[in-house]
Amino acid sequence: MRLSRRSLLTGSAATLGALGAAAAGLSPGAAEAAALPSDVSRAIVDSTTTRFTPASFGDWSYHKALYLYGQYLVYKRTGEARYLDFIKAWVDRFVTDSGSTSKFNSLDSMRPAQLLPCSAAGSARSTGP
């Protein structure tokens, strides 16, 4: 029997939740009550943008940009401007007004560069009619 990616992730999340509840001394019923939020991706983005500002989020790196691309996808799905504003502010830290950056020092630097169109979409949105 082959499991789908979604069922595997859902099962893993439920198992981790139960293990966390057990470690906290909660009963099995309480573990079920502490279920995942209905929109996990939005909860992750909200948690991250609460804990970090664009200035404190980190440097121009592959793993930061990979997360921010996921945040961009949440923005596209929800339409919440603050998600895109966070991305734009992060990109603006590294890109000059002329559109250049000195952060290209490896192939991994290409992932953050893929956020540049997202940043431009934010500019078009904020200066639109």
Side-chain angles (χ1 to χ4, degrees):
M1 178 174 136
R2 184 165 183 217
L3 295 174
S4 71
R5 188 178 307 174
R6 181 180 300 267
S7 65
L8 180 64
L9 291 173
T10 303
S12 298
T15 301
L16 289 174
L19 288 173
L26 299 175
S27 67
E32 291 174 14
L36 291 173
S38 61
D39 190 345
V40 175
S41 57
R42 188 177 202 153
I44 290 169
V45 171
D46 288 342
S47 172
T48 302
T49 57
T50 298
R51 290 179 293 132
F52 298 100
T53 64
S56 69
F57 189 62
D59 204 10
W60 183 272
S61 62
Y62 183 91
H63 64 284
K64 296 295 183 182
L66 186 61
Y67 162 80
L68 288 172
Y69 180 70
Q71 181 169 319
Y72 176 71
L73 294 177
V74 173
Y75 157 74
K76 284 181 59 175
R77 184 171 48 83
T78 65
E80 284 214 34
R82 64 189 177 99
Y83 297 154
L84 185 60
D85 293 342
F86 186 97
I87 296 166
K88 185 177 182 320
W90 184 81
V91 169
D92 286 349
R93 288 178 45 213
F94 306 105
V95 179
T96 65
D97 290 338
S98 66
S100 64
T101 182
S102 61
K103 294 295 182 177
F104 280 92
N105 54 14
S106 70
L107 288 176
D108 283 347
S109 298
M110 290 170 46
R111 170 53 77 179
Q114 291 174 330
L115 292 171
L116 293 174
C118 303
S119 178
S123 297
R125 180 186 51 78
S126 62
T127 60

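Just so you know, these numbers come straight off a predicted model, no measurement behind them. What you see below is based on every heavy atom in this structure, not just the backbone, and it leaves out hydrogens, waters and symmetry mates.
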Donor-acceptor pair, side chain of [X] and main chain of [Y], under 3.5 angstrom:
X      : Y     : value
Thr101 : Phe94 : yes
Ser56  : Phe52 : no
Trp90  : Gly58 : yes
Ser47  : Ala43 : no

*Start with the C-alpha gap between Ser41 and Arg77, add the side-chain angles, then the distance that decides, and say whether side-chain contact (heavy atoms from CB on, under 4.5 Å) holds.*
CA-CA 10 Å; Ser41 57; Arg77 184 171 48 83; 2.7 Å; yes
*Donor on one side chain, acceptor on other, Asp85 and Tyr75, under 3.5 Å*: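 Absent: no donor and acceptor within the cut-off.
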*How about Tyr67 and Gln71: does a side-chain donor come under 3.5 Å of a side-chain acceptor?*
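Checked: Tyr67/Gln71 side chains pair up, N/O donor to acceptor below 3.5 Å.
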_Nearest atoms (heavy-atom pairs only) where Arg111 meets Tyr62_ =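 Looking at all heavy atoms of both residues, the shortest contact is CB-CD1, 3.3 Å.
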*Between Arg93 and Asp59, is there a side-chain N and carboxylate O pair less than 4.0 Å apart?*
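Not counted as a salt bridge, because no side-chain N and carboxylate O are separated by less than 4.0 Å.
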*Report yes if some heavy atom in the side chain of Arg82 is under 4.5 Å from a heavy atom in the side chain of Asp46; otherwise report no.*
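A side-chain contact exists here, since the closest heavy-atom pair is under 4.5 Å.
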*Would you please test Trp60 and Leu115 for side-chain contact (heavy atoms from CB on, under 4.5 Å) and show each step?*
CA-CA 11 Å; Trp60 183 272; Leu115 292 171; over 6 Å; no
_Can you tell me how far apart OG1 (Thr49) and CD1 (Ile44) are? Round to the nearest 0.5 Å._
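Rounded to the nearest 0.5 Å, the OG1-CD1 separation comes to 12.0 Å.
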